[in-house]
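Here is the structure we will look at.
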Amino acid sequence: MDKNKLIEVKDLNKTFIIGGRFFGSKLVAVNKANLVMQQGKPEIFTLAGESGSGKTTLARMILGIIEPTSGHIYYKGKDVTRLRGKKEREWFKKEVQPIFQNPFEAFNPLKRVETYLFETALNFGIAKNKNEASDIVDEALKSVGLSLSEVYQRYPHELSGGQVQRTCIARALITRPSLLIADEPVSMVDASLRMSILNFFHKLKTDYGVSIIYITHDLATAYYVSDRIAIMYRGYIVELGPIEKVLTNPLHPYTQLLLDSIPKPDPDRRWNKRIKLADIEVKEYMALGCKFANRCKYATERCFKEEPYDVEIDGRKVKCFLYSDKEVSTTL
Amino acid sequence: MEERRTILRTKNLKAYYSFKAFGIDRNIKALDDVTFDIYEKEIFGIAGESGCGKSTLMKVLYGLIKSPLRHIGGDAIYKINGNERSIFSFDKETLRKLRWSFMSYIPQGSMNILNPTVRIKKQFLNIIKAHKDVVNVDEAEDIAVEHIKSLGLPLEVLRSYPHQLSGGMRQRVTIALATVLKPRIIFGDEPTTALDVVVQRGVIQLLKDIQKELNNTVIMVTHDMAVHAELTDRIGIMYAGKMVEIASTREIFKEPLHPYTQYLINSLPKIGDKSEKVSVPGAPPSLANPPSGCRFHPRCPYAKQICKEQEPTFEELKPGHFVACFIATKRGVENG
Amino acid sequence: MSEKRRENPIKAFFVILKDMIKYNKGFAFGFIFLVIALGLTLMSIFSPYNPKSWNVVPKDLPPSFKHPLGTNSVGQDVFWLLTFAIGNSFLLGCVTAIIASIVGTIVGLIAGYKGGIADRILMSLNDTFIVLPSLPILIFLAFSLRENLNMVTMGMILSIFSWPWGGRQIRAMVLSLREREFTYTADSSGMGTFSIVFKEHFPFIIPWIMANFINTILWSIGMEVTLAVFGLSSLETPTIGTMIYWSTQYQALFRGIWWWVLTPVILAILLFVSLFFVSSGITEFLDPRTRLQRIKARG
């Protein structure tokens with residue numbers, strides 16, 4: 001495997017069985033996902049999509065919390081879906097750290113927050129004793145704009161959402177990871193504090209060289225902070241490319257709909273068109289062909305029968321038949 | 001401009017949560033001295049962060065005060081058929097009658113309103129029968145069918161149980177249920193928050209349509225400023241249990257006066273704008289022990305001595321633009 | 001960094017106990033009664049009479065200064081008999097509860113954390129015991145073991161039917177705790193399964209174990225009374241159940257020897273009520289939600 005790749009996700013699938021073991025139905029949560037992040041070129045990569053798009057499942061597979069049904073994840077050239085032994089697992093946990101959505105859920109509400117920071121420092125052998133650990137913990141907290149004395153002996157609810165979330169990030173940074181996986185890290189944080197966390201992600205990338213996979217449904221914050229984006233829909237990555245291109249000139253009809261549906265924080269630019277909502281949503285999982293075909297205004301007969309494949313166009317990958325024909329793509 | 005008639009006035013409204021647990025007493029001043037008017041036929045937005053008191057305000061206005069929430073002082077006066085009545089003067093029965101018919105409530109999770117074991121149709125009929133003198137079931141059913149049709153929802157939903165519907169459809173059915181009796185005021189407590197963006201857009205569209213058709217008042221609580229920009233006519237910004245600024249939506253977004261509002265608006269990320277945004281420094285205060293003077297002063301970059309000592313009054317600085325801030329009022333004077 | 005907020009655990013325990021007695025009337029009542037009951041049990045050491053021998057005092061004497069609760073028709077002092085009965089009933093309850101809690105907790109933990117095959121085998125075993133009709137089987141067992149019955153064997157038999165309830169509850173709790181985000185945080189903090197179970201999840205599970213423990217004591221004492229009424233307990237051992245059995249055997253109620261019947265009946269009622277209050281007091285105190293509220297209220 002290529003050592004220059006920080007992480008490579010290859011044909012990753014996850015199928016859940018809903019209902020009974022024998023009579024349940026299958027739900028393909030992630031379908032042949034592929035993505036690559038380069039080593040030595042830190043970036044913030046956004047996985048965006050609505051609920052049920054599979055973005056969290058994909059992120060949790062990368063973290064190793066959920067086992068993939070098939071496919072591979074290579075981290076620094078090593079297949080991490082087949083990690084063996086305590087040592088390898090510990091190495092991977094040190095390298096890839098998570099940040100969760102709800103800061104108040106990410107810490108046990110009955111425990112004081114700093115315990116997790118000390119645990120991290122001691123368990124991974126970063127500090128040899130408690131004194132050394134408290135220096136390391138303090139340093140990590142200072143890097144996120146807090147200090148040990150501010151959070152020491154405090155329960156999660158005694159701190160604000162922003163503070164707890166920054167403590168979560170500080171904990172993740174103690175192991176000096178190369179990759180952070182942040183699942184909706186700011187959606188539960190108040191608007192007045194949200195930007196400080198996103199700004200900190202930017203600083204992590206530029207100053208510390210940490211790559212971040214940022215999972216969100218909020219395209220405006222994705223645009224603000226990230227370099228590349230993958231839009232997911234019903235388990236498929238439908239469009240993947242540089243953020244500027246995907247969000248200002250979307251190609252996939254779903255990306256277009258999504259962008260069009262975001263309320264803009266500007267009362268002078270309200271929607272003037274009307275949209276029609278799908279009445280039934282679950283059926284799309286079962287649909288053959290393109291999952292978006294039902295709602296797509298460009299859909300042809302082919303879209304309902306065949307599964308679309310990735311088309312490389314304008315520096316990005318788009319899973320749509322609209323662009324599979326070179327001639328069509330040039331006219332667009 | 002047509003004359004604006006108020007439908008709801010609040011005056012120095014105060015409501016605290018009091019906790020008594022194992023000998024410890026605490027008062028959370030969730031709503032402190034809130035005064036504002038809401039007009040007929042407008043969509044009024046209430047914005048603020050979690051714990052700013054916006055949901056408490058909604059509970060008080062909808063008459064949902066129960067322990068540990070307590071009404072401490074002030075009043076909220078509705079104009080019902082030309083008569084002014086305080087929400088605190090109603091008994092249980094009157095409140096029950098007013099709900100659904102005069103005012104209705106759309107919560108964030110629709111499952112709070114929809115009964116999971118009863119078909120949607122039956123739920124419509126129950127509400128119609130409880131509030132209207134209908135002769136028979138057919139008549140009530142006609143009202144329900146007519147309403148569902150007019151909102152552009154598929155008629156099949158009437159035959160379904162709530163769990164058979166998708167989240168977005170459920171929320172639209174809740175809205176339909178809340179508006180079937182053509183209430184004069186609709187309260188929405190984060191009605192679009194848990195929804196996906198495409199569905200959220202549909203729900204906002206539906207709320208707009210209904211307001212236009214019924215020509216009534218919508219009071220919309222959400223923390224999402226973009227939703228406010230899309231939907232509301234006027235916005236009230238709350239901070240730490242206080243109303244700090246009220247103005248037309250356009251003015252809030254274009255010329256915010258309160259430093260907190262300015263931060264809130266300027267930190268909104270926009271697609272196509274990569275300029276650096278900054279957060280409000282510091283953290284929201286504890287409502288059990290709020291800061292002295294202006295509650296925003298510990299986080300305010302412009303704070304002066306007076307801000308620490310005195311509480312700013314809620315003043316009308318420009319026509320229809322109210323703000324509670326010493327700096328803003330002074331600055332307003334200086335600029336002419 | 002000093003450990004400024006770590007209190008002496010023994011001192012903390014008494015502070016909590018004081019708080020609970022002060023603010024929870026039910027708990028205060030239950031606790032005080034249980035202390036009295038325990039005191040009575042200890043007094044049995046000083047009993048002037050052997051509880052198993054008959055005709056040591058005059059028969060059928062009403063309560064008096066010499067015999068505070070009177071004497072019964074077989075010539076025993078009811079008060080001193082009572083001190084033994086409480087102790088034996090407690091012993092029975094504790095044996096049942098200890099065995100049931102240990103087995104239930106272990107089964108629940110293994111089923112919850114291991115999952116897969118282990119979970120399915122353990123839970124089908126668990127369910128089998130839940131659906132078995134306990135009373136007829138207990139009657140049968142007690143009948144066939146009559147000669148060898150004592151409080152310990154009886155407790156062991158009763159525990160067969162009481163462990164599955166706790167087991168299921170604990171498994172359900174583990175399953176939901178495993179999916180909580182803080183479990184993932186603990187995992188990424190390099191904590192092993194063992195320390196996640198004990199440091200992260202036990203604070204949530206312990207209140208259940210304790211409540212379940214007390215409820216099992218309650219259930220087992222009640223069950224013994226039921227069996228004893230049928231004459232299927234260790235009849236020469238004084239317990240609440242056997243006291244009721246003998247008094248009905250001698251038709252004490254019809255013969256007006258009310259002190260013989262009422263003593264065990266009132267004791268049983270008081271014991272049940274106290275155990276219930278104590279158990280709900282402890283659950284309320286340890287319940288993570290009220291615990292959180294309390295931590296929050298302290299500010």
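Just so we're on the same page: letters track the sequence lines, and every chain starts at 1.
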Using a 6.0 Å cut-off, check whether atom [atom1] of [X] has over 12 heavy atoms from anything other than its own residue.
| X | atom1 | answer |
| --- | --- | --- |
| C:F276 | CZ | no |
| C:F140 | CZ | no |
| C:W165 | CH2 | no |
| C:W219 | CH2 | yes |
| C:I117 | CD1 | no |

[atom1]/[X] to [atom2]/[Y] distance, rounded to the nearest 0.5 angstrom?
| X | Y | atom1 | atom2 | result |
| --- | --- | --- | --- | --- |
| A:T115 | C:M191 | OG1 | CE | 7.5 Å |
| C:S188 | A:N123 | OG | CG | 11.5 Å |
| C:R180 | A:F100 | CZ | CZ | 13.0 Å |

Taking C-beta and beyond as the side chain, do C:D187 and A:K93 meet within less than 4.5 Å on heavy atoms?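 Contact flag for C:D187/A:K93 side chains = yes.
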Residue pair A:R60 / C:Y184, side-chain heavy-atom distance below 4.5 Å: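 Sidechains of C:Y184 and A:R60: in contact.
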For chain A, the option from C:S195, C:S189, C:G190, C:G192 that forms the most heavy-atom pairs under 4.5 Å: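 Heavy-atom pair counts peak at C:S189.
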Heavy-atom cut-off 4.5 Å, strictly under: side chain, backbone, both or neither for A:F107 against chain C?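 Both parts, heavy atoms under 4.5 Å.
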Measure A:E119 against the heavy atoms of chain C and call it side chain, backbone, both or neither at under 4.5 Å.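 Backbone plus side chain of A:E119, per the 4.5 Å heavy-atom cut-off to chain C.
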Where do C:F182 and A:N108 come nearest, in terms of heavy atoms and distance?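 Heavy atoms only, the tightest pair is CB-N, 3.4 Å.
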